[in-house]
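Here it is, the structure, as structure tokens.
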Amino acid sequence: MMFRRITLWEWAAPISLALPVAAVWIWHRSWWTLIVFVIWTFAVILFMSAWQRRKHRERCGRLSELSQLSTLRTLSHHRHDWMNELQILYGYLRLNKFDKAVDVVDRIRMRMEQDSKISQLGIPELAVFLLSFRTVCDTMRLEADIQDGLQLDKLPIDATRLCGKIIGLINVFRFRATLPLHGENVLKLFLSYGDSHLKIVMDYDGELAAADSVIEELKQILDGIGHLDQGIEPAEHSQQARTMVIHFPLPA
């Protein structure tokens, strides 16, 4: 009902101008019709302007609410992961398995370092996507490894376009990943810069729907600004493993 009421008002306001226009046409010799027409038009402009501002505030409010909910879900998942790690660490300490406890601490430290590198990528949209990926995808685990000091916004390339390409490449695997009978689907992503190009290595191990068309879809995502090499993993590693290497040439 609210949608219909809003639509009705948006149409009714400009259409109502037909009334003063008709009055001017019928009583074209009267000066008061021109005054009514000017006042009416001014009122319609003010109304439409105020209405658009109100709709804009409502949209911004909804986007802000969605952003806050997404942040809360991300924080909740991170808290859950850290609690699991701490419980494992506590268990090893109680059992005096200090070597195992050290392994857990190293794993926590490495994850914190990677999260820090992601947050410093220089493209907020991409950083949020990578950090919150586990909250939006339950069919595939993403492991992002970033070269030390890499800041994508400092490279001589359109950061917004690059962000869209990287997210698109990841989503190719995200939307094709199917729940495996055993284990889990894992996509390892490594970003590095050197020799005047940005290099992205995508190592996927798991189930994929329509796997034969993955290469073609990845090339469509790149759309000429990067080129893709398909690596071949050893058979003993996994029958389902595949490695994609993407190069984005950068101007000198």
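These numbers come from the heavy atoms of this one structure, side chains and all, not from hydrogens, waters or symmetry mates.
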Just wondering, do Leu222 and Leu169 contact through their side chains at under 4.5 Å, heavy atoms?
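Leu169 reaches Leu222 side chain to side chain.
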Does Phe248 have any ring pair (Phe, Tyr, Trp, His ring centres under 6.0 Å) partners at least two apart in sequence or in another chain, and if so, which?
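Not a single residue meets the ring pair (Phe, Tyr, Trp, His ring centres under 6.0 Å) criterion with Phe248.
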Of all the heavy-atom pairs spanning Ala127 and Ser119, show the shortest one and how long it is.
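For Ala127 and Ser119, the tightest heavy-atom pair comes out as CB-CA, 4.3 Å.
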Step by step, would you call Ile118 with Ile146 a side-chain contact (heavy atoms from CB on, under 4.5 Å)?
CA-CA 7 Å; Ile118 292 174; Ile146 312 298; 3.9 Å; yes
Check this for me: does any side-chain nitrogen of one of Arg109 and Glu113 sit under 4.0 Å from a carboxylate oxygen of the other?
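Yes, this pair counts.
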Between Lys117 and Asp148, is the closest basic N to carboxylate O distance under 4.0 Å?
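The answer is yes: the pair qualifies as a salt bridge.
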What about Phe98 and Val104, same hydrophobic cluster or not, with Ile/Leu/Val/Met/Phe/Trp/Tyr joined at side-chain heavy-atom distances under 4.5 Å?
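Yes, one cluster joins them.
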Taking the side chain as C-beta and beyond, is there a heavy-atom pair between Tyr92 and Asp103 under 4.5 Å?
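Contact flag for Tyr92/Asp103 side chains = no.
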With rounding to the nearest 0.5 Å, note down the distance linking CG in Leu150 to OH in Tyr193.
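Rounded to the nearest 0.5 Å, the CG-OH separation comes out at 9.5 Å.
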Tell me whether Val102 shares a hydrophobic cluster with Leu89, the cluster being built from Ile, Leu, Val, Met, Phe, Trp, Tyr side chains joined at under 4.5 Å.
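No: no chain of side-chain contacts under 4.5 Å links Val102 to Leu89.
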Working to the nearest 0.5 Å, report the span between NZ of Lys188 and CG of Asp145.
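Answer for the NZ-CG pair, Lys188 versus Asp145, is 10.0 Å.
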Which pair of non-hydrogen atoms, one from Ile123 and one from Cys163, has the smallest distance, and what is that distance?
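That closest heavy-atom pairing would be CG2-CB, 3.7 Å.
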Got a sec, which residues hit side chain to side chain donor-acceptor pair (under 3.5 Å) with Gln220, two or more places apart in sequence or on another chain?
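Expected list: none.
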Is Asn84 atom CG crowded by more than 12 heavy atoms from other residues, nucleotides or ligands, each under 6.0 Å away?
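Yes - once you tally the heavy atoms of other residues, nucleotides and ligands closer than 6.0 Å, there are more than 12.
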Asp203 side chain to Leu189 backbone, donor-acceptor under 3.5 Å:
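No; zero donor-acceptor contacts below 3.5 Å.
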Taking all atoms of both residues into account, what is the closest heavy-atom pair of Ser132 and Val128, and its distance?
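Shortest heavy-atom separation between Ser132 and Val128 comes out as OG-O, 2.5 Å.
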What about Ile225 and Leu218, same hydrophobic cluster or not, with Ile/Leu/Val/Met/Phe/Trp/Tyr joined at side-chain heavy-atom distances under 4.5 Å?
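Yes.
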Any chain of hydrophobic side-chain contacts (each under 4.5 Å) joining Tyr204 to Ile215?
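Cluster IDs for Tyr204 and Ile215 match.
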side-chain contact (heavy atoms from CB on, under 4.5 Å), that's the test. Do Val201 and Thr243 meet it? Break it down for me.
CA-CA 7 Å; Val201 179; Thr243 299; 3.9 Å; yes
For the pair Lys199 and Gln147, evaluate side-chain contact (heavy atoms from CB on, under 4.5 Å) and give the outcome as yes or no after the intermediate values.
CA-CA 10 Å; Lys199 180 180 178 182; Gln147 182 183 32; over 6 Å; no
Distance (rounded to the nearest 0.5 Å) between Leu131 CG and Leu121 CG
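If I round to the nearest 0.5 Å, the distance is 8.5 Å.
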Starting from the C-alpha separation in whole Å, work towards a yes-or-no answer on side-chain contact (heavy atoms from CB on, under 4.5 Å) for Phe173 and Leu208.
CA-CA 7 Å; Phe173 293 94; Leu208 278 179; 4.1 Å; yes
Between the main-chain N or O of Met112 and the side-chain N or O of Ser116, is there a donor-acceptor pair closer than 3.5 Å?
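Not confirmed, Ser116 side chain does not pair with Met112 backbone.
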Heavy-atom check, side chain of Ile157 versus side chain of Leu198, under 4.5 Å:
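No, side chains not in contact.
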Inter-residue atom distance Lys219.NZ - Ile221.CD1, 0.5 Å rounding
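Here the interatomic distance stands at 14.0 Å.
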Quick check: do Ile167 and Glu125 have side-chain heavy atoms less than 4.5 Å from each other?
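Yes, side chains in contact.
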Heavy-atom pair with the smallest gap, counting every atom of Gly226 and Pro249:
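Heavy atoms only, the tightest pair is CA-CD, 4.3 Å.
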Find the distance between NE2 (His247) and NE2 (His227) and round it off to the nearest 0.5 Å.
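So the NE2 of His247 and the NE2 of His227 are separated by 5.5 Å.
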Closest approach of Gln120 to Gln151 (non-hydrogen atoms, all atoms of both residues):
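Closest pair (atom of Gln120, atom of Gln151, distance): O-CG, 3.4 Å.
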Any non-hydrogen side-chain atom of Glu207 less than 4.5 Å from a side-chain atom of Leu179?
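In short, these two side chains do not touch, never coming nearer than 4.5 Å.
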I want to check something: taking the side chain as every heavy atom from C-beta on, are Ile166 and Leu191 in contact at a cut-off of under 4.5 Å?
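Yes; the side chains approach each other to less than 4.5 Å.
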Straight-line distance of Ile246 CD1 to His197 NE2, nearest 0.5 Å
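If we round to the nearest 0.5 Å, Ile246:CD1 and His197:NE2 are 11.5 Å apart.
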If the threshold is 4.0 Å, N to carboxylate O, is there a salt bridge linking Glu217 and Arg176?
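Yes.
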Arg174 pairs by side-chain contact (heavy atoms from CB on, under 4.5 Å) with which of Thr139, Leu142, Val136, Leu187?
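Only one option passes, and that is Val136.
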Is there a side-chain contact between Ile170 and Met202 (heavy atoms, below 4.5 Å)?
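Of all side-chain heavy-atom pairs linking Met202 with Ile170, at least one is under 4.5 Å.
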Taking the side chain as every heavy atom from C-beta outward, state whether Leu126 and Leu152 have any pair of such atoms under 4.5 Å apart.
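Contact flag for Leu126/Leu152 side chains = yes.
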Could you see if Leu228 belongs to whatever hydrophobic cluster contains Leu250? Use Ile, Leu, Val, Met, Phe, Trp, Tyr and a side-chain cutoff under 4.5 Å.
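The answer is yes; both residues are in one hydrophobic cluster.
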